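The next block holds one structure in the form of structure tokens; read it before the comments.
Note that this is a predicted model, so its numbers are computed, not measured. Both counts, for ligands and for their atoms, begin at 1 and track the order of listing.
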Amino acid sequence: MPRRALRRPLRLLLVAGARPNFMKVAPLLREFRRRPDRFRARLVHTGQHYDEAMSDVFFAELGIRRPEIHLGVGSGSHAAQTARIMEGFEKVLRRERPDWVVVVGDVNSTVACALVAAKMSPPIKVAHVEAGLRSGDRRMPEEINRIVTDALSDLLFTTSADADRHLAAEGVDRRRIHRVGNVMIDTLKRFVDRSDGSDVLRRLKVDPPFALLTLHRPSNVDDRATFRRILDGLERIGTQLPILFPAHPRTAKMMRAFGARAGAVTGLRVVEPLGYLDFLHLQKRAALVLTDSGGIQEEASILGVPCLTLRENTERPVTVSHGTNRLVGSDPGLIERAALRALRVGGRRRRRAIPLWDGRAAERIAAVFARQHSSE
Ligand code: UD1
């Protein structure tokens, strides 16, 4: 009998916890489940995000099956949330003993589950999808999550050459690093046509041209002075065209705490968080995207929509060198000038294709796992 026929499928436990994780696990689950002879993939949802609008809608739209395991941890301080995820995940790993734990991105769920797996006895191997990104800013919780997760990972899947370089500089064995592209872009490419059917513009009663804003980084929204500077910059743009602002729960909470001034900013239209297809529909049609999210810098670059990042740094420099992204921080004058310029130059700004961001990253990741398995 050929040797391959005797081999059992590789058991993979994928982890997702917060909104940006769901579009990253979707193509991986699809790819692994397409090949049941090779892989048995199960999904753990930590429950870091739990609202219908922050979690369930993405499962429905992206066609992700209900997670096999739900930890239901909810919100809390970094320490409390991370600790609850770790306690819950340890029990899961004792029971399941997968061959690999696969974590994505840089949220608290990512680092918590990587840490538990690496400290099991015997250890369970960790694969990190979207490894090696560095903003160089350790005040950002995600930067700590990225560094720790990468230090614990046995397989590191990267999206860009700068990520490979960071990992090599941190002493990661090059044989563990695989540049595969971007799974978030896999999802974008798969769903962008479907998103054309969204009626979100009609529902929100907005006509192009409009700008699209997301803002949720603690460094921007938890600090009253910074938040205020950004709102001042936005007000100057809002006199030119409406700015649609699906507000993250953290931001909505801070706006209430600071006296809801955002509602009074000229041109700013605060709406509830949106699902994936509605947001993609808006992003594709926006004259300008303003954001402090990581994934949106990437999506806007692929869609060819000018993007202003309301941060001083980015862990995704390829979106600046190749894409449509520009860092503007929180200075109102700079935000205004950059926005006016982007509106003038628009999508005509020159872009270069980003290598491997072609919708096939999950396929490459599955191929790496398949090779690992057959050589073990
Ligand atoms: C988390 C990630 C961040 C990611 C973001 C995307 C970490 C450290 N941060 O930030 O990297 O960019 O998700 O959304 O992991 N809340 C709700 N409903 C929810 C979830 C959260 O109301 O479903 C509120 C709670 O008040 C909570 C606050 O939002 O305290 C923040 O949630 P949390 O998961 O701590 O961090 P995010 O800011 O969402």
Side-chain angles (χ1 to χ4, degrees), residues 15-25 44-60 62 67 70-86 88-89 103-115 128-131 133-135 137-150 184 187 213-223 226-227 245-258 270-276 279 289-300 309-311 313-316 319:
V15 176
R19 182 167 63 176
N21 294 160
F22 307 134
M23 15 327 208
K24 295 173 193 170
V25 293
V44 178
H45 188 331
T46 65
Q48 178 174 344
H49 284 179
Y50 43 84
D51 284 348
E52 149 80 29
M54 297 296 284
S55 173
D56 303 9
V57 62
F58 298 94
F59 281 76
L62 303 177
H70 205 301
L71 303 180
V73 298
S75 302
S77 68
H78 283 271
Q81 187 177 60
T82 308
R84 282 205 297 273
I85 299 168
M86 289 180 69
F89 195 61
V103 295
V104 298
D106 55 15
V107 301
N108 285 346
S109 301
T110 311
V111 68
C113 294
L115 193 48
H128 185 203
V129 175
E130 206 182 82
L133 298 183
R134 298 287 181 270
S135 67
D137 179 1
R138 289 204 184 193
R139 288 165 308 175
M140 196 179 172
E142 292 78 5
E143 183 77 350
I144 308 286
N145 295 346
R146 292 189 277 260
I147 293 168
V148 175
T149 304
D150 287 341
M184 196 155 198
T187 296
L213 165 72
T214 79
L215 197 64
H216 73 281
R217 293 256 96 84
S219 57
N220 280 336
V221 303
D222 291 6
D223 178 66
T226 311
F227 201 173
F245 181 21
H248 185 285
R250 169 193 283 281
T251 314
K253 203 156 82 180
M254 295 320 292
M255 285 192 301
R256 283 193 296 275
F258 296 157
V270 184
V271 299
E272 295 292 310
L274 294 166
Y276 184 75
F279 192 80
V289 167
L290 299 129
T291 192
D292 61 4
S293 141
I296 292 171
Q297 299 169 45
E298 301 181 332
E299 291 173 342
T309 293
L310 303 163
R311 286 172 47 191
N313 52 52
T314 180
E315 61 290 337
R316 291 158 162 94
T319 61

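Less than 6.0 angstrom separates the ring centroid of His45 from the ring centroid of Phe59.
Every atom of ligand 1 with a heavy atom of Glu142 under 4.0 Å away is listed here by number and element: 2 (C), 3 (C), 9 (N), 11 (O). Shown in contact with His78 at under 4.0 Å from a heavy atom are these atoms of ligand 1, numbered in order with element: 8 (C). Atom numbering of ligand 1 starts at 1 in the shown order; those under 4.0 Å from a heavy atom of Ser75 are 21 (C), 25 (C), 27 (C), 30 (O).
Proximity of Arg250 to ligand 1, defined as any heavy-atom pair under 4.0 Å, is shared by backbone and side chain alike. Within the 4.0 Å heavy-atom criterion, neither part of Ser55 lies near ligand 1. At a heavy-atom distance under 4.0 Å, only side-chain atoms of Met54, from C-beta outward, approach ligand 1.
Lys253 NZ, 2.9 Å is the protein heavy atom nearest to atom 26 (O) of ligand 1. Protein heavy atom closest to atom 13 (O) of ligand 1, with residue, atom name and distance, is His49 CE1, 3.2 Å.
Shortest non-hydrogen contact noted between Leu133 and Glu143 is O-OE1, 4.2 Å. Across all non-hydrogen atoms, the minimal contact from Phe258 to Asp222 is CZ-O, 3.8 Å. A pairwise comparison of heavy atoms in Met255 and Ala247 identifies CE-CB, 4.1 Å as the closest pair.
Ligand 1 has a nitrogen or oxygen under 3.5 angstrom from a nitrogen or oxygen of Asn108. Residue His216 has at least one N or O atom closer than 3.5 Å to an N or O atom of ligand 1.
The closest side-chain heavy-atom distance from Phe89 to Thr46 is not below 4.5 Å. Side-chain contact between Glu130 and Arg146: absent, with no pair of heavy atoms (C-beta onward) separated by less than 4.5 Å.
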